[in-house]
Amino acid sequence: MDFKQIQELVKMINKSNISELSIEQDKFKITIKQKDNEVQQVITVPATMAPVQAVAAVTPAAAPATAAPAAAPAKADNLVTIKSPMIGTFYRSAGPDKAPFVNVGDEVTSGKVVCIIEAMKLFNEIESEVSGKIVKVLVDDASPVEYDQPLFLVEP
């Protein structure tokens, strides 16, 4: 079994309700166990090569996939999406005791700061590229975001 096949097994176990999978081929044995949103992988290689036992934990990243479909209102045709220009942590305000930059119903203009994304200990102000009214905030405060992930819906 090669590394890509093992990765595919981990992905399939992660998406299924299977709690444990064991495969034995000749002197190769692999056991993959899933516990509370974690996949644990234990690999044993034949003694002729060098005894190796590796354990890895993989946590699923399903939040962006589940947030997008629920965020489509009935009149989504005329809405503009403000997307994340980078990977990092999303913050709605400049500090825990500060007011959010924008709320639902607020008017924004092109160039207005709508949030902050922290990436590698740098706080990057994200500005709106459109003018309009904030219809929906798609990400929770202090949540990790991916590149190009929708953050806000704006009605121009």
Side-chain angles (χ1 to χ4, degrees), residues 1-23 30-43 54-156:
M1 229 179 187
D2 68 349
F3 186 69
K4 285 193 177 229
Q5 290 174 321
I6 294 171
Q7 281 183 321
E8 289 300 316
L9 278 174
V10 170
K11 287 179 186 175
M12 288 189 318
I13 295 297
N14 193 17
K15 292 179 183 177
S16 71
N17 291 331
I18 298 172
S19 60
E20 182 175 341
L21 173 71
S22 293
I23 298 174
I30 183 170
T31 302
I32 302 172
K33 296 179 182 178
Q34 183 173 2
K35 293 182 183 175
D36 298 328
N37 291 335
E38 273 188 18
V39 176
Q40 185 178 26
Q41 173 180 338
V42 180
I43 303 170
V55 177
V58 180
T59 57
T66 56
K75 55 179 182 174
D77 297 342
N78 64 339
L79 298 180
V80 177
T81 305
I82 298 176
K83 296 182 180 182
S84 175
M86 64 187 69
I87 296 173
T89 304
F90 172 86
Y91 294 103
R92 292 190 60 196
S93 62
D97 55 341
K98 306 279 183 179
F101 290 108
V102 293
N103 290 308
V104 174
D106 288 355
E107 292 290 328
V108 294
T109 57
S110 184
K112 180 179 179 180
V113 175
V114 292
C115 66
I116 292 177
I117 295 183
E118 177 191 3
M120 297 178 64
K121 303 293 181 194
L122 294 175
F123 292 86
N124 303 283
E125 292 182 340
I126 308 304
E127 298 176 350
S128 175
E129 295 180 0
V130 297
S131 295
K133 182 171 82 171
I134 299 288
V135 175
K136 187 158 188 170
V137 180
L138 302 173
V139 182
D140 293 328
D141 195 34
S143 298
V145 292
E146 297 290 327
Y147 170 76
D148 216 27
Q149 178 178 341
L151 303 174
F152 299 93
L153 291 179
V154 179
E155 185 177 359

remark   = Closest heavy-atom pair, Ile134 versus Asn103, reported as atoms and distance to 0.1 Å, is CB-O, 3.5 Å
query = For atom CD of Glu129, is the number of surrounding heavy atoms from other residues, nucleotides or ligands below 6.0 Å larger than 12?
reply = no
ask   = Taking all non-hydrogen atoms of both residues, which atom of Leu79 and which atom of Val135 are closest, and how far apart?
value = CD2-CG2, 3.8 Å
remark   = For Lys133 and Gly105 the tightest heavy-atom approach is CG-O, 3.6 Å
task = Could I get the full list of side chain to side chain contact (heavy atoms under 4.5 Å, CB included) partners for Thr109, not counting sequence neighbours?
result = Lys112, Ser131
ask   = Taking all non-hydrogen atoms of both residues, which atom of Ala119 and which atom of Ile87 are closest, and how far apart?
value = CB-O, 3.5 Å
request  = Quick one: pull up CD in Glu107 and CD in Glu155 and give me the separation to the nearest 0.5 Å.
outcome  = 9.0 Å
task = Give a yes or no answer on whether the side chain of Arg92 reaches the backbone of Asp140 with a donor-acceptor pair at less than 3.5 Å.
result = no
Check: Pro156 and Val80 side chains under 4.5 Å, non-hydrogen atoms = yes
task = With sequence neighbours excluded, give me every ring pair (Phe, Tyr, Trp, His ring centres under 6.0 Å) pair touching residues 136-156.
result = Phe90-Phe152
task = Write down the atom of Asn124, the atom of Met86, and the distance for their closest heavy-atom approach.
result = ND2-SD, 3.3 Å
remark   = To the nearest 0.5 Å, atom CG of Leu151 lies from atom CG of Leu138 at 7.5 Å
Thr81 OG1 to Gln149 CD distance, which is reported to the nearest 0.5 Å = 11.5 Å
ask   = Are the side chains of Tyr91 and Ile117 in touch, meaning some heavy atoms are under 4.5 Å apart?
value = no
Closest non-hydrogen atom pair, Ala94 against Ile116 = CA-CD1, 3.9 Å
